[in-house]
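Note sheet for the following structure.
Sequential numbering from 1 along the given sequence is applied to the chain's residues. Small disclaimer: the values here were computed from a predicted structure and weren't measured. The figures that follow rest on heavy atoms only: side chains count, while hydrogens, waters and symmetry mates do not.
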Amino acid sequence: MRHLLLLLLWSMAVALHGQDRMAQLEALLSNATVEHPGLESTVEMSVSGTGIKEFVRALGITHKLNLTVDPAVKGEVYNHFSDARVSDVLLYLCKRYDLDLELMGSIITLKPWTAPVTTTATTTPREPHIRYSADSAVLDLDLRRDTLGHVARLLSQRTGANLVLAPGLEDRAVSIFLRAAPLVTALEQLAFANGLQMEPARDGAYLLRPLATDGRTDTKGAAKGSTASTQNMTLTVLESGRLSVDAQGVPLTAVLEKASQALTRNYFLYDSQDRNVTLRLNDVSYEELLGHLLKGTDLTHQISEGVHLIGKRDLEGLRSTELVRLHHRPVKDVLPAIPAGIRGNVSISEFLELNGLVLSGDPHRINEIKTFLRSVDQVVPVVMIEVMIVDVNRTRTVTTGLKAGLGGGPTQSGGTVLSGVDYNMNSATLNELINSFNGFGVFNLGNVASGFYVSIQALETDGVLRLRSTPQLSTLNGHEATLSIGQTEYYLEVRNDLIGTQNPTVTTSQIYKPIKADLSLRILPIVSSEDMVTLEIEVNQSNFTTRIAQTAPPGSVERKFSSIVRASNRDMIILGGLEEKETSRNGSGVPLLSRIPVLKWLFSSRTTKNRKSKLTIFIRPTIIY
């Protein structure tokens, strides 16, 4: 039946469109008669089985019109035309053979007519936005005139709660926008925003039904708009089914009894309470009233099969146990951060395998803890720290002097002359040198002893050492990153122990003890807003110096500093100025003669050493989410 109706509507649309088309063609030819007067001429012609192309060609020749036919036009004409205008004949051809007219200057073209494509718009029903988080038990709603039956079905599927509708509400349009609301609160707000009333039914279900109006009494509870007053307390049931309560020093149980009676709520009180309350609340639900009444006490409430159970928080049946999993940060650092004020009467333990916390205790306190956990469960940025360490050591040593001795010298003369002089001459070489001088002077020098030798030194050495390392460190925001590069050397420690008193004996022990020198770097990054990074930096560098004896421990030189800097993401930080200078001069020679200018170079030997070391550190932090 539906398809037949659609076909009928489509046929009517095509017929109406055909009428509009012929009217448009008639108007087109009427306007063209000014430039084509032949369209007003009368036709006297009888044809039988003549092709449309030949018929139109003859029509154009007879009435002096530029008529052309598209090659795609097919068909034959069987008609007798008498006293008919040319424009009427063209209209007849267009209607009879589904043709169309096109004017281009003085040329009129007949071509096949293409019927417009009629599409039936199909609309897909909007899917209501309903999102439920099982971990936090909160609900997101975005409804825009969605049918209540469809919404109730989706809510039951996604939350596991049974939602029952009163008869006649299935097709009612509802609208609301809620963000991160508890399930019961969300259902109450949904009912209130759409002129409905929500109340717990049996077996933990929730019932949605219309509000009673005009002061009529609903099937359950007090009349809407009615007010019940007792001594020091006034309780009013609003038209929305919510409450307004004004009490001054009234027993808690009395307020609970009157509110439950007004809204026909079932409750069970485990422990009697003689506590008086003073409150003034306007437009609150029954659950919100219970929350205010029990706040600050050791009591809690929970709904079971439509009955509000009220008792101590640690009472069996009122406890709740949940596993709350964290998504963005490790659970082991979260437990100490939970405020002590919301941890009361709740047992909390870590579940490392699932990165979650097991909470057991008062459901309302658990909801407070879950709200806190949601606020701190955010993405923790990772800071990658690129470190470039450049250590430049420059050394210059100058050694000059002349040494002479007797015995124990070199057996052969030899050494280097370039670059640097380090040459040894034995007695034979020296005697040959002396004999070569004896023939030219007035002095006749004697030969040296056979064991006599001479060593001549004139050396200068320069050295530059550049050490570069580029480690990369990564750490979570607020956690330290450390780097250590060093070496270990050992020195000998000799220990003598005296054992015994009458016949003491001495025992000697040797122990090699370690000593370390290293470059250590400690960086603590803290990411703030706008991708700014605060870095606490500590640098410590120590180096070995020469030993005073072969078995003595080596000396050490230490350089260190600490600093706090703030930089943007990927900014380069330069730490420099850790410079060390060392100068030493050593010499030996003949007393008095080693101090006389010029002669001191013949009667002494000297060594001068200059050493400079400079450390520069480049640090660049990069924030990674």
Side-chain angles (χ1 to χ4, degrees), residues 1-129 142-147 150 171 173 175 177:
M1 186 65 182
R2 180 182 179 185
H3 296 287
L4 182 60
L5 180 59
L6 291 176
L7 180 60
L8 180 60
L9 292 175
W10 180 83
S11 301
M12 295 175 62
V14 171
L16 291 174
H17 184 78
Q19 295 178 4
D20 294 340
R21 186 176 76 90
M22 297 310 297
Q24 292 174 2
L25 292 178
E26 184 177 1
L28 178 66
L29 291 175
S30 177
N31 295 331
T33 56
V34 179
E35 298 181 0
H36 307 279
L39 293 173
E40 293 293 326
S41 303
T42 58
V43 177
E44 294 290 341
M45 189 179 296
S46 180
V47 292
S48 179
T50 303
I52 295 179
K53 297 178 182 179
E54 288 76 13
F55 175 77
V56 173
R57 186 180 299 111
L59 195 65
I61 294 173
T62 303
H63 299 280
K64 297 180 180 181
L65 294 171
N66 296 323
L67 297 177
T68 63
V69 181
D70 190 278
V73 176
K74 306 294 182 182
E76 297 178 345
V77 182
Y78 297 85
N79 285 94
H80 173 74
F81 299 101
S82 176
D83 198 20
R85 293 185 307 172
V86 175
S87 59
D88 295 335
V89 174
L90 293 178
L91 285 174
Y92 168 77
L93 294 177
C94 290
K95 184 175 182 180
R96 175 67 178 82
Y97 298 100
D98 290 332
L99 302 180
D100 198 2
L101 291 175
E102 182 180 3
L103 270 69
M104 297 181 63
S106 62
I107 301 174
I108 302 175
T109 304
L110 277 78
K111 60 181 182 179
W113 172 67
T114 303
V117 179
T118 303
T119 58
T120 304
T122 58
T123 58
T124 303
R126 177 184 176 274
E127 183 70 12
H129 177 76
D142 186 5
L143 309 180
R144 304 174 189 174
R145 297 198 59 80
D146 298 299
T147 59
H150 187 43
D171 297 328
S175 301
F177 178 80

Query raised in the report: Any side-chain heavy atom of V73 sitting closer than 4.5 Å to one from P112?
Result: yes
Report summary line: Residues M45 and L59: closest non-hydrogen pair is CE-CD1, 4.4 Å
Query raised in the report: Would you say T147's side chain and D171's backbone share a donor-acceptor pair under 3.5 angstrom?
Result: no
Query - With K95 via salt bridge (Lys or Arg N to Asp or Glu O under 4.0 Å) - residues at least two apart - result: none
Check: residues 35-42 side-chain donor-acceptor pairs under 3.5 Å, at least two apart:
{"unit_1": "E40", "atom_1": "OE1", "unit_2": "R85", "atom_2": "NH1", "d": "3.2"}
{"unit_1": "S41", "atom_1": "OG", "unit_2": "G38", "atom_2": "O", "d": "3.3"}

Requested in this report: Using modelled atom types only, decide if a donor and an acceptor are shared between the side chain of N31 and the backbone of L29 within a distance under 3.5 Å.
Outcome: no
Report task. Hey, could you give me each pair passing side-chain hydrogen bond (donor to acceptor under 3.5 Å, both in side chains) that has a residue in residues 53-65? Not counting sequence neighbours. Result -> none
Report task. Verify, without hydrogens or angle tests, whether N79 (side chain) and F81 (backbone) share a donor-acceptor contact under 3.5 angstrom. Result -> no
Requested in this report: Would you check if D83 and E44 make a side-chain contact, meaning some heavy-atom pair closer than 4.5 Å?
Outcome: yes
Requested in this report: Taking E102 for its side chain and I108 for its backbone only, find out whether a donor-acceptor pair lies under 3.5 Å.
Outcome: no
Query raised in the report: Got a second to check how far M104's CE is from N66's CG, nearest 0.5 Å?
Result: 12.5 Å
Report task. State the CG-OG1 distance between L28 and T33, to the nearest 0.5 angstrom. Result -> 10.5 Å
Query raised in the report: Can any side-chain N or O of Y97 pair as donor or acceptor with the backbone N or O of E76 at less than 3.5 Å?
Result: yes
Report task. Take V69 and L99 through the side chain to side chain contact (heavy atoms under 4.5 Å, CB included) test and state the conclusion after the steps. Result -> CA-CA 10 Å; V69 181; L99 302 180; over 6 Å; no
Report task. State the CG-OG1 distance between L110 and T68, to the nearest 0.5 angstrom. Result -> 7.5 Å
Report summary line: Test side chain to side chain contact (heavy atoms under 4.5 Å, CB included), reference L67, set I107, T109, V56, I61, output is V56
Query raised in the report: When rounded to the nearest 0.5 angstrom, what distance separates OG in S175 from CZ in R144?
Result: 9.5 Å
